[in-house]
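Both backbone and side-chain heavy atoms feed into the values below; hydrogens, waters and symmetry mates do not. Only a predicted model underlies this, so the values are computations on that prediction, with no experimental measurement involved. Letters A, B, ... are given to chains in the order of the sequence lines, protein chains preceding strands, and every chain is numbered from 1.
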Amino acid sequence: MTNRTVYSILAIVLVFGVYGYEFFLNKKEEQAIVDSGREIKTPTVAFFLPTSTTGQVVHHQGYSLSYSESHEQAEWVAYELKKEHLSQTNFERPYFEIDKAVKTGAANWRNYKNSGYDRGHLCPAADRRYSKEAHDETFLTSNISPQNHDFNSGIWNTLEQKTRYWASKYNGVFVVTGGVLGRNLKTIGSEKVAVPNQFYKIILDYNDGNPKVLAFLMPHVNSIKPLYEFVVSVDTVEELTGIDFFPELEDAIETRIEALSDYRKWRF
DNA sequence: CTGTGTTAC
DNA sequence: GTAACACAG
């Protein structure tokens, strides 16, 4: 065998070897995309997850969500906000990305462009600043809802800041949040992303044997009223949305705390 | 903190 | 598309 033949064989093996390896990598990546969003990630505690009325629950590293295809947004986003999650790190704002883990296709961010509405985070970027990955993951289109800017930067922002305060004060809380979705809502963009008329946020402190819960229901309008004016019972939000928020909680506890709209155990 | 829009490559 | 910058509640 001449040297030339040996080199030719080596070259062929090399080329096909690289091609095969890249093919293998691509397959692996495709599989990862298909599988992504199926598994409950460690920062999210399955015990606290609400029921889904849409049948499409997606799990990310930093939060879980239930996607409503007809409204092109999540009906709820749930995550644990631990005290150690709170961080002062200031990451650069990335671009929004379509959430590939949503099988029916999550909304394109272009629906929001020039719509007059903010891309309002459901799980706030500021709640996931413990790592760049967690922070950037909040910029998926499955985690946003059209929000009036005055509302988003106003009382909703105030509520988000207060939630971080409670996470710090009570050594972590569990948060579920979303817009109240329904029929005949105004829509934006070619994909008709629904604009909720109300937003809710439910905060659970489950650290000691005496769990306490707080539910907020806010009209989609800014307000200068104090936050506690918007406290309702969890039952109220459940009736409005059809979602069962803490199905795994012991029934007796669930019945008791969900009926309350008493905020005296919480410091405002 | 919460965001948007414009300009230039 | 991406990056830099100005702007607003």
Side-chain angles (χ1 to χ4, degrees), chain A residues 29 33 62-63 65 72-74 76-77 79-100 105-169 172-173 175-180 186-191 193-203 214 216-230 267-268:
Chain A
E29 198 176 324
I33 290 169
Y63 58 91
L65 65 100
E72 285 293 6
Q73 64 195 280
W76 54 255
V77 167
Y79 60 98
E80 190 170 9
L81 182 56
K82 295 182 179 178
K83 190 173 181 176
E84 55 264 36
H85 285 154
L86 300 172
S87 158
Q88 303 306 319
T89 321
N90 213 357
F91 294 110
E92 195 180 334
R93 214 167 214 270
Y95 296 99
F96 281 94
E97 281 183 23
I98 300 169
D99 187 350
K100 293 194 176 84
N108 193 302
W109 54 268
R110 288 189 178 85
N111 289 294
Y112 290 74
K113 193 158 189 176
N114 298 318
S115 69
Y117 290 91
D118 281 7
R119 302 153 170 115
H121 280 81
L122 294 175
C123 174
D127 284 7
R128 305 282 85 156
R129 285 193 302 192
Y130 53 86
S131 78
K132 179 165 168 44
E133 290 69 29
H135 171 265
D136 288 0
E137 195 183 51
T138 68
F139 287 79
L140 292 172
T141 55
S142 53
N143 184 44
I144 57 174
S145 178
Q147 286 184 333
N148 179 298
H149 184 70
D150 290 341
F151 173 77
N152 189 19
S153 63
I155 194 160
W156 190 250
N157 187 17
T158 306
L159 176 56
E160 290 177 339
Q161 291 180 37
K162 190 65 81 174
T163 303
R164 288 189 281 278
Y165 164 76
W166 285 319
S168 171
K169 182 168 184 61
V173 291
V175 185
V176 186
T177 194
V180 176
K186 180 187 173 176
T187 65
I188 57 168
S190 58
E191 291 181 294
V193 180
V195 181
N197 291 320
Q198 296 161 291
F199 286 89
Y200 68 85
K201 190 182 288 289
I202 297 175
I203 300 156
L214 202 51
F216 292 89
L217 182 66
M218 293 181 166
H220 189 180
V221 181
N222 194 25
S223 169
I224 55 166
K225 288 183 191 168
L227 284 178
Y228 53 76
E229 298 267 336
F230 299 96
R267 181 155 176 182
F268 274 78

message: By the 4.0 Å heavy-atom rule, please label A/D127 as base, sugar-phosphate, or nothing.
response: nothing
- prompt: So what does A/N114 hit on the nucleic acid, given a heavy-atom distance under 4.0 Å: a base, only sugar-phosphate, or nothing?
  reply: sugar-phosphate
- prompt: Atom CZ of A/R93 and atom C1' of C/dT2: how far apart are they, to the nearest Å?
  reply: 16 Å
message: What is the separation between atom CZ on A/F96 and atom P on C/dT2, rounded to the nearest whole Å?
response: 15 Å
Pair A/Y112 and A/F96, ring centroids less than 6.0 Å apart: no
field: Close side-chain approach of A/M218 to A/L159, heavy-atom, < 4.5 Å
entry: yes
Interface with DNA chain C, restricted to residues 152-166 of chain A and to heavy atoms under 4.0 Å: A/S153, A/N157
field: By side-chain hydrogen bond (donor to acceptor under 3.5 Å, both in side chains) - contacts of A/Q147 (at least two apart)
entry: none
- request: For atom CD of A/E191, decide whether the heavy atoms of other residues, nucleotides or ligands shown that lie under 6.0 angstrom number more than 12.
  value: yes
- line: Judged by nearest nucleotide, the residue sitting upstream toward the 5' end of DNA chain C, A/H149 or A/E92, is A/E92
message: Parallel, tilted or perpendicular: which one describes the rings of A/W166 and A/F268, with boundaries at 30° and 60°?
response: perpendicular
field: Under 4.0 angstrom between A/R110 side-chain N/O and C/dG1 OP1 or OP2
entry: yes
- line: 5'-most to 3'-most nt of DNA chain B touching chain A (<4.0 Å, heavy-atom partner on protein side) reads B/dC1 to B/dG5
query: Considering heavy-atom distances to DNA chain B, does A/R129 or A/R119 have its closest nucleotide positioned more toward the 5' end?
result: A/R129
query: Relative to the 5' end of DNA chain B, which residue comes earlier, A/S115 or A/A125, by the nucleotide with the nearest heavy atom?
result: A/A125
Quick check: closest heavy atoms across [X] and [Y], and the distance to 0.1 Å?
X: A/V193; Y: A/N111; result: CG2-CB, 3.8 Å
X: A/H121; Y: A/E160; result: O-OE2, 3.8 Å
X: A/V77; Y: A/Y63; result: CG1-CD1, 3.8 Å
X: A/R128; Y: A/G62; result: NH1-O, 2.6 Å

